[in-house]
Amino acid sequence: MARDFRKAADAVAAQIAAGRLRPGDRLPTQRAFARRHGIAESTASRVYAELARRGLVTGEVGRGTFVRAAAPAADPALAEPAAARVDLELNYPVTAGQSELLAAGLARLARPDVLAAALRPSGAAGTPAARAAVAGLLARPGWSPDPDAVLFAGNGRQAIAAALAALVRPGGRVGVEALTYPVVKAVAARLGITLVPLECDGEGLLPGALAAAHRASPLGAVYVQPTLHNPLGTTMQDRRRAELAAALRETGLTAVEDAIWSFLREDAPPPLAAYAPERVVLADSTSKRLAPGLTAGFAVAPPELRAPVAAALRSGGWAAAGYALAAVTGWLSDGSATTIAAARRSDARRRQQIAADALTGLATASGPGSYFCWWQLPAPWRADTFVAAAARHGIAVTPAASFAVGPHRTPAAVRLGLASPPPEVLRRALTTLADLARTGPDDVAPE
């Protein structure tokens, strides 16, 4: 069966490569495709999913499946820096003075005795000093993690991967918001996990949708972003978090809480882990707080899950390196992390104002102080055609398909990452995109 659907996908791919199927052409419905090729509808669904995975087609709610207007990038979205002159795909914030501040912290690691300790292997449990420093970093009014609950990964992505690997067997199902962090889609594929899209509203995941999905076909866990959801920017309020915690207890499910962007919202409620500590593994990191090149990820796990998550970190090769852990511990202890995080919050607010000014009158959404902006494009733009048109202006943006889970759930929208360009470059790029959006796709001159 696997060979059959890939063979059919190869045939469609060949037609696209030969130009017999052109950018923007609509493919037949899956039912019609199945009849035409004498295959089951379920096989046709796998064909279309494979074509989407290869970046050859895009599905749109209520319209169908279309050949992409532009070839996909050589690297997956959000994986590596884009080649475009202005990168609004990746979010790597840099604030003035951070390198000097971090360099001072690294100087102590140059002492031979300190360096010798930092170069030794580091296990998933890290060191007592690292656990205490991270527990202090993550503490919020209403919640303070037990230092012994902290485990260490190389980065936040690895912490999330280890938590999912510990909770869900290959072939299992994980509930996620219908639009979710793209790396989780890649992690799930590698772990053999199926992601199940769950309904959300303007505040985030609906607890009733989680319970209903679990009743329909049991889930192994749920992945959720309660604070500054990526890409929508939503933040759950106190009541919703309490309701979601109650749903976790009712279903017996464990949530993997992605808190990586939450440091930007000091006014947010405590993490979901504060409402159901026995049912939540919290994942965080210093990649966005400090720097992605020398970072550590954290997984705060309830007692019964610490051993499984630690085992997943070890078996996956995801535990933090000793040098990185020593550097991060020093930055957390000497106040550098606090200073830089405060600068990040100020920078994010400034960039949100730039976006609000440049995109006035357009259908955008974002959380206060976040580094991204969700943009529902005006008709008749589709996400893929807009991405291609933006690239011709030297600007890289991320299409909604990178975040969408499940078939036929791709809105005509893009996500704008606001963190990477200098502010004035960001302003010019967003103004260019706004002008572009106000023209129709047919009015855009080809290269």
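Note that this is a predicted model, so its numbers are computed, not measured. We number each residue from 1, following the sequence as shown.
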Q | Nearest-0.5 Å distance, CG of residue Leu244 to CE of residue Met236 | A | 5.0 Å
**Q.** side-chain contact (heavy atoms from CB on, under 4.5 Å) partners for Pro378, two or more places apart
**A.** Trp375, Trp381, Ala437
Q) If you take all heavy atoms of Pro411 and Gln376, which pair is closest and at what distance? A) CB-NE2, 3.9 Å
Q: State whether the side chain of Gln30 and the backbone N or O of Ala44 hold a donor-acceptor pair below 3.5 Å, judged by distance alone.
A: no
Q) Charged N to carboxylate O below 4.0 Å: is that the case for Arg306 and Asp148? A) no
**Q.** Glu266: side-chain contact (heavy atoms from CB on, under 4.5 Å) partners, not counting sequence neighbours
**A.** Arg345
Q. Do the side chains of Leu88 and Leu430 get nearer than 4.5 Å, heavy atoms only?
A. yes
Q) With no hydrogens and no angle check, is any side-chain donor or acceptor of Gln158 less than 3.5 Å from a backbone partner on Leu313? A) no
Q: Please test Arg279 against Leu272 for side chain to side chain contact (heavy atoms under 4.5 Å, CB included), starting from the C-alpha separation and ending with a verdict.
A: CA-CA 9 Å; Arg279 303 238 63 91; Leu272 184 62; over 6 Å; no
Q | Pair Lys288-Ile260, side chain to side chain contact (heavy atoms under 4.5 Å, CB included): steps then yes or no | A | CA-CA 7 Å; Lys288 307 302 183 184; Ile260 288 170; 3.8 Å; yes
Q | Spacing of CG belonging to Leu102 relative to CD1 belonging to Ile340, to within rounding of 0.5 Å | A | 4.0 Å
Q. Is any side-chain heavy atom of Val187 closer than 4.5 Å to a side-chain heavy atom of Ile193?
A. no
Q. Is any side-chain heavy atom of Phe263 less than 4.5 Å from a side-chain heavy atom of Leu228?
A. no
Q. Do Thr234 and Glu203 come within less than 4.5 Å of each other through their side chains, counting heavy atoms only?
A. no
Q) What's the shortest heavy-atom distance between Ala400 and Leu179, and which atoms? A) O-CD2, 4.4 Å
Q.
Could you measure the distance from the CD atom of Glu177 to the CG atom of Leu210? Nearest 0.5 Å is fine.
A. 10.5 Å
Q | Thr439 side chain vs Leu436 backbone, donor-acceptor pair below 3.5 Å | A | yes
Q) Side chains of Leu205 and His229: closer than 4.5 Å at any heavy-atom pair? A) no
Q) Salt bridge check: are Arg46 and Glu50 linked by an N-O gap of less than 4.0 Å? A) no
Q: State whether the side chain of Arg68 and the backbone N or O of Gly55 hold a donor-acceptor pair below 3.5 Å, judged by distance alone.
A: yes
Q) Looking only at heavy atoms, what is the nearest atom pair of Arg415 and Phe403, with distance? A) CD-CZ, 3.5 Å
Q: Give a yes or no answer on whether the side chain of Thr360 reaches the backbone of Ala356 with a donor-acceptor pair at less than 3.5 Å.
A: yes
**Q.** Pairwise distance CZ(Arg350) to CG(Leu418) - rounded to 0.5 angstrom
**A.** 12.5 Å
Q.
Any heavy-atom pair between the side chains of Arg140 and Pro269 that's under 4.5 Å?
A. no
Q. Would you find a donor on one side and an acceptor on the other, under 3.5 Å apart, between the side chain of Glu250 and the backbone of Ala211?
A. no
Q) For the atom pair CG (Leu433) and CG (Leu416), what is the distance rounded to the nearest 0.5 Å? A) 6.5 Å
Q | Residues Ser287 and Thr295: side-chain donor-acceptor under 3.5 angstrom | A | yes
Q.
Between Val67 and Leu27, is there a side-chain heavy-atom distance shorter than 4.5 Å?
A. yes
(Q) Distance check, rounded to the nearest 0.5 Å: Phe372 atom CZ versus Thr364 atom OG1? (A) 13.5 Å
Q) Do you know which two heavy atoms are closest between Arg427 and Ile354, and how far apart they sit? A) NH2-CG1, 3.5 Å
**Q.** Any donor-acceptor pair under 3.5 Å from Asn91 side chain to Ala419 backbone
**A.** yes
Q. Got a salt bridge between Arg428 and Glu424, using NZ or NE/NH1/NH2 to carboxylate O under 4.0 Å?
A. no
Q.
Hydrogens and angles aside, do Thr95 and Arg344 bring a side-chain donor and acceptor to less than 3.5 Å of each other?
A. yes
**Q.** Greater than 12 external heavy atoms within 6.0 Å of Arg190's CZ
**A.** no
Q. Would you say the side-chain atoms of Arg241 and Thr227 include a donor-acceptor pair closer than 3.5 Å?
A. yes
Q. So does Glu199 have more than 12 non-hydrogen atoms from other groups sitting under 6.0 Å from CD?
A. no
Q: Could you check Val57 against Tyr48 for side chain to side chain contact (heavy atoms under 4.5 Å, CB included), going step by step and ending with a plain yes or no?
A: CA-CA 8 Å; Val57 302; Tyr48 279 40; 5.7 Å; no
(Q) Would Arg382 and Phe66 count as a cation-pi pair here, with the cationic atom under 6.0 angstrom from the ring centre and within 45° of the axis? (A) yes
Q: Just do the side chain to side chain contact (heavy atoms under 4.5 Å, CB included) check on Val183 and Ile160 with the steps written out, would you?
A: CA-CA 10 Å; Val183 168; Ile160 293 167; over 6 Å; no
Q) Is it the case that more than 12 heavy atoms not belonging to Arg108 sit under 6.0 Å from its CZ atom? A) no
Q: May I ask you to decide if Ser402's main-chain N or O and Lys185's side chain share a donor-acceptor pair within less than 3.5 Å?
A: yes
Q) Does any non-hydrogen side-chain atom of Tyr371 lie less than 4.5 Å from one of Asp347? A) yes
Q. Between Leu206, Val224, Val222, which is the residue that forms a side-chain contact (heavy atoms from CB on, under 4.5 Å) with Leu198?
A. Val222
Q | Closest non-hydrogen atom pair between Thr254 and Val280, with its separation | A | CG2-N, 4.2 Å
Q. Ala161 and Leu191: which non-hydrogen atoms are nearest, and at how many Å?
A. O-CD1, 3.9 Å
